[in-house]
Amino acid sequence: MATDLPPPPGARPDWTIDQGWATYTQAEHDVWITLYERQRDLLPGRACDPFLKGLDALDLHRTGIPEFGRINEELERLTGWTVVAVPGLVPDAVFFDHLANRRFPAGNFIRKPEQLDYLQEPDVFHDVFGHVPMLTDPTFADYMQAYGQGGLRALNLGRLHNLARLYWYTVEFGLLETAAGLRIYGAGIVSSHAESIFALDDPSPNRLGFDLARTMRTPYRIDDFQQVYFVIPSLQALLDATLADFGALYAALAGQTDIPIEAVLPDDKVFTRGTQAYARRGGRTAA
Ligand code: HBI
Ligand code: FE
């Protein structure tokens, strides 16, 4: 299993490394500032209040890529979480162990100027701008730790792919229902200029009420905007979902097929019945 991969040279056994903040070039800081300022202008009215509050509490933008030690002084005081630097994706078991101990592994590298709009591997902007502000919210902070604890169990039960879908449709691409309308809390959306618009405004994707088993049965896209977004009524509801008996849930899932990614089921709470026009046009790669 990939869990016993040795850490890369220079990394500690838990795959953490020093952030190397002093080695960032001004060009790298400039990429952060460009991305930060673009999102800061776009997100009010789109990102949920806990995200915007966290962004201000951690004062992330300053003059470029933030120094994790400085973030951690405030973050640890707020919810006990800290950001730890890693060279990139780490094995699942390592990832879950960090989350279970309130450590968020963040890539220390930043994308190139020509990758401004899209990259596959999570860089420091996706991880720190996208994920860390929500960790200042006590309820979401508890959810992320519960997810880490659940991940270690799922790994041992061979149910990682179901739990990865839960992560994808909540932590990465989740939407929150508010009195003012749908708002973004997912890091994959909030760190992407184009998807911060698409996820809320475009008629193409489905927007459906969150349900634990429903998300675990639904495949997701790793290469393009999502074809479905799941909407939670509150962060508390998301945390409460982790109190379910996952053993019974996994047993039920074993006898069920995946749900086609574009499907809307009779039991779904439908916020948007999407046209799927974007996906049918071929998405990002369409001419
Ligand atoms: N490693 N650094 C890093 N960041 C992630 O988001 C991450 C990871 N390893 C595994 C992983 N995510 C997913 O496979 C789990 O969420 C299932
Ligand atoms: Fe992420």
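Because the structure is predicted, anything quoted here is derived from the model rather than measured. Hydrogens, waters and symmetry mates play no part in the numbers below; they use all other heavy atoms, side chains included. Whatever order the structure lists ligands and atoms in, that order sets their numbers, starting from 1.
Ring geometry for F225 against Y278 counts as parallel: the plane angle stays under 30°, on a 0 to 90° scale with 60° as the upper cut.
Of the candidates W168, Y229, F230, W168 is the only one forming a ring pair (Phe, Tyr, Trp, His ring centres under 6.0 Å) with Y220.
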Would you sort out whether Y24 and E67 count as a side chain to side chain donor-acceptor pair (under 3.5 Å), showing the intermediate values?
CA-CA 10 Å; Y24 290 131; E67 205 272 313; over 6 Å; no

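Comparing F95, W15, F104, F96 by heavy-atom distance to atom 5 (C) of ligand 1, the nearest is F95. Among V84, V86, D92, the residue whose heavy atom lies closest to atom 14 (O) of ligand 1 is D92.
Using modelled atom types and a 3.5 Å distance limit, the side chains of Y143 and T170 yield a donor-acceptor pair.
Some N or O of G88 is nearer than 3.5 Å to an N or O of ligand 1, by distance alone. Remark: ligand 1 and V90 share an N or O pair separated by less than 3.5 Å (distance only, no angle test).
With ligand atoms numbered from 1 in the order given, ligand 1 contributes 1 (N), 2 (N), 3 (C), 4 (N), 5 (C), 7 (C), 8 (C) to contacts under 4.0 Å with heavy atoms of L89.
Salt bridge annotation for D258-R165: present, with a cationic side-chain nitrogen under 4.0 angstrom from a carboxylate oxygen. Under a 4.0 Å N-O distance rule, the pair R102/D142 qualifies as a salt bridge.
Using a cut-off of 2.8 Å, one finds that D127 contributes no N/O/S atom close to the Fe ion (ligand 2).
Contact analysis leaves G151 out of contact with ligand 1, as no non-hydrogen atom separation drops below 4.0 angstrom.
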